[in-house]
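Written out below as structure tokens is the structure these notes cover.
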Amino acid sequence: MCIWEQIVQYHTDIRTSLFVSGVTIGSFLFTMKSTIIKTLKDDIFDTEEYKKDLVQKIVHSKKAKAPKYYGSLSKFSSVLFWAITLSFISSLLQITLGFIDNALVRISCLLVALISWTLLSYAVFLVRANWSLAITFQENEKERSLQQAIEKFENESKIK
């Protein structure tokens with residue numbers, strides 16, 4: 001059995017799974033996209049910590065063009081959009097062109113599914129990176145608050 005026949009057989013075996021996973025992931029991301037973007041905007045990009053961090057990046061940057069305030073949020077939104085779009089396209093290809101008994105067509109269907117999953121993995125990586133940033137900002141804020149509480153307690157102890 002040549003490699004082309006193996007690919008055709010492999011695609012035949014997993015075509016339904018690729019269709020279902022593409023629809024499921026695309027639908028989930030489609031319904032959650034605005035919630036994810038809004039939450040990231042509120043929890044990260046609208047904080048004073050982010051503003052200070054961006055100002056430092058602009059001051060220390062040697063680039064002529066300063067980064068946009070919501071630039072990375074816009075990039076993340078675009079990645080999510082394309083992950084959703086490719087998930088749906090991949091699903092449609094599985095139930096339309098996926099039935100054509102041609103190795104190149106089947107390879108194309110698998111390739112689109114692979115690209116879709118790769119883009120989805122990148123979106124998950126960006127979510128993790130943004131939430132790590134949010135946690136860092138929150139941790140810094142809590143450390144400052146705790147330090148102020150300690151100083152206040154020490155000052156009150158000295159007065160008594």
Side-chain angles (χ1 to χ4, degrees), residues 11 14-98 107-160:
H11 182 259
I14 66 165
R15 179 177 44 230
T16 303
S17 299
L18 289 173
F19 167 74
V20 171
S21 65
V23 168
T24 303
I25 290 170
S27 299
F28 175 75
L29 287 177
F30 183 71
T31 58
M32 294 301 294
K33 181 180 184 237
S34 60
T35 303
I36 293 169
I37 297 297
K38 175 76 169 117
T39 303
L40 287 175
K41 180 184 175 295
D42 293 344
D43 290 352
I44 298 173
F45 296 95
D46 287 344
T47 63
E48 282 299 315
E49 188 81 21
Y50 177 77
K51 187 176 182 179
K52 289 176 188 175
D53 189 53
L54 188 63
V55 166
Q56 286 180 352
K57 286 180 183 176
I58 291 170
V59 168
H60 295 352
S61 176
K62 304 291 185 203
K63 297 178 183 176
K65 187 176 180 183
K68 294 183 178 181
Y69 192 86
Y70 292 114
S72 59
L73 185 63
S74 177
K75 175 184 174 184
F76 177 65
S77 180
S78 294
V79 168
L80 274 180
F81 169 79
W82 286 110
I84 292 166
T85 302
L86 280 176
S87 290
F88 286 137
I89 288 172
S90 173
S91 292
L92 289 173
L93 288 176
Q94 302 309 321
I95 62 169
T96 55
L97 298 180
I107 289 172
S108 299
C109 291
L110 286 170
L111 186 62
V112 171
L114 178 66
I115 292 169
S116 170
W117 281 93
T118 303
L119 195 55
L120 176 67
S121 298
Y122 182 59
V124 169
F125 171 77
L126 289 177
V127 167
R128 189 195 75 59
N130 281 312
W131 283 121
S132 293
L133 185 61
I135 290 169
T136 300
F137 288 165
Q138 291 295 321
E139 185 68 30
N140 291 343
E141 181 181 320
K142 294 300 178 184
E143 284 178 11
R144 280 193 301 275
S145 175
L146 184 60
Q147 187 62 37
Q148 289 172 351
I150 291 170
E151 289 172 3
K152 182 179 177 184
F153 179 76
E154 288 174 346
N155 289 337
E156 289 175 356
S157 298
K158 290 178 184 178
I159 295 174
K160 294 180 183 179

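Quick caveat: nothing in here was measured; it's all calculated off a predicted structure. What's counted below: heavy atoms across the whole structure, side chains too, no hydrogens, waters or symmetry copies.
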Hey, does the side chain of [X] reach the backbone of [Y] with a donor-acceptor pair shorter than 3.5 angstrom?
{"X": "Thr96", "Y": "Leu92", "value": "yes"}
{"X": "Ser116", "Y": "Val112", "value": "no"}
{"X": "Ser132", "Y": "Arg128", "value": "yes"}
{"X": "Thr31", "Y": "Phe28", "value": "yes"}
{"X": "Tyr69", "Y": "Phe45", "value": "yes"}

Work out which heavy atom in [X] is nearest to a heavy atom in [Y]; give both atom names and the distance.
{"X": "Leu133", "Y": "Ile44", "answer": "CD2-CG2, 3.8 Å"}
{"X": "Ile25", "Y": "Ser87", "answer": "CG2-OG, 4.0 Å"}
{"X": "Ser77", "Y": "Lys33", "answer": "OG-NZ, 3.2 Å"}
{"X": "Phe88", "Y": "Ser27", "answer": "CZ-N, 3.6 Å"}
{"X": "Leu126", "Y": "Phe76", "answer": "CB-CD1, 3.5 Å"}
{"X": "Phe137", "Y": "Thr47", "answer": "CD1-OG1, 3.8 Å"}

What is the distance from atom [atom1] of [X] to atom [atom2] of [Y], rounded to the nearest 0.5 Å?
{"X": "Glu48", "Y": "Asn140", "atom1": "CD", "atom2": "CG", "result": "14.0 Å"}
{"X": "Thr85", "Y": "Leu80", "atom1": "OG1", "atom2": "CG", "result": "10.5 Å"}
{"X": "Leu86", "Y": "Phe81", "atom1": "CG", "atom2": "CZ", "result": "9.5 Å"}
{"X": "Thr39", "Y": "Asn130", "atom1": "OG1", "atom2": "CG", "result": "11.5 Å"}
{"X": "Asp43", "Y": "Lys38", "atom1": "CG", "atom2": "NZ", "result": "9.5 Å"}
{"X": "Asp53", "Y": "Lys57", "atom1": "CG", "atom2": "NZ", "result": "4.5 Å"}

When you compare the side chain of Trp131 with that of Leu40, does any pair of heavy atoms fall below 4.5 Å?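 They are in contact (side-chain heavy atoms under 4.5 Å apart), so the answer is yes.
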
Quiz item: Any side-chain heavy atom of Asp46 sitting closer than 4.5 Å to one from Tyr70?
Solution: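 Touching, per the 4.5 Å side-chain cut-off.
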
**Asked** By side chain to side chain donor-acceptor pair (under 3.5 Å), which residues pair with Ser91, not counting sequence neighbours?
**Response**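 Here no residue qualifies.
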
| query | Which residues satisfy the side chain to side chain donor-acceptor pair (under 3.5 Å) test with Lys75, sequence neighbours excluded? | reply |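 Per chain and number, Lys75 pairs via side chain to side chain donor-acceptor pair (under 3.5 Å) with Tyr122.
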
Practice item. Name all pairs fulfilling the salt bridge (Lys or Arg N to Asp or Glu O under 4.0 Å) condition that reach into residues 132-148, sequence neighbours left out, sorted by first residue then second. Key: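 Every salt bridge (Lys or Arg N to Asp or Glu O under 4.0 Å) pair that includes a residue of residues 132-148, provided the two are not neighbours, is Glu49-Arg144.
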
